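Quick notes on the structure that follows.
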Amino acid sequence: MKASLRIKNNNYYAVLSFKEEDNYKQKWVALGIPARNNKRRAEVMLEAIKRDFEESMKSPKDLSKILFVDYLKEWLYKKKPFVEITIRSDFL
């Protein structure tokens, strides 16, 4: 798999090129950061996206072979660094 940075509409995008079955495909992911003075930040985000995508490609294709609770535990473990806990006062 190859990963590269592209600039479109003055914003960085991560472009992932990979082979799925017999076809080559590309996936564009908007990084949400402006192109000006943010190249290093975009490169760091590109590496993280590439690593996450490669891990997701390694997961079993037949999800019927794993328990739902095991899938949720793995998903929560992977997403934990990207979310934060918030407490809404209207629920207290």
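Here the structure is a predicted model, which is why all the values come from computation and not from measurement. Each residue takes its place number in the sequence, starting with 1.
Asp70 places no side-chain N or O within donor-acceptor distance of the main-chain N or O of Ile66, the cut-off being under 3.5 Å.
If you take CG on Leu5 and CD1 on Ile49, they are separated by 9.0 Å, rounding to the nearest 0.5 Å. Put simply, NZ on Lys78 and CG on Asp52 are 7.5 Å apart, with the number rounded to the nearest 0.5 Å. Separating the CD1 atom in Ile33 from the NZ atom in Lys39 is a distance of 12.0 Å, to the nearest 0.5 Å. Here Lys27 contributes atom NZ and Glu20 contributes atom CD; the two are 10.0 Å apart, rounded to the nearest 0.5 Å.
Using a 4.5 Å cut-off on side-chain heavy atoms (C-beta onward), Met1 and Glu54 make contact. Within the 4.5 Å cutoff, side-chain heavy atoms of Asn11 are placed close to those of Pro34. Residues Val29 and Tyr13 form no side-chain contact, since every pair of their non-hydrogen atoms from C-beta on lies 4.5 Å or further apart.
Under a 4.0 Å N-O distance rule, the pair Glu47/Lys50 does not qualify as a salt bridge.
If you chain together hydrophobic residues whose side chains sit under 4.5 Å apart, Val15 and Leu46 never meet in one group.
In this structure, the ring pair (Phe, Tyr, Trp, His ring centres under 6.0 Å) partners of Phe53, at least two apart in sequence or on a different chain, are Phe18.
For the pair Lys8 and Trp28, the distance from NZ or CZ to the six-membered ring centre is under 6.0 Å and the angle to the ring normal is within 45 degrees.
When each of Arg41, Met45, Arg40 is tested with Glu43 by the rule side-chain contact (heavy atoms from CB on, under 4.5 Å), just one qualifies, namely Arg40.
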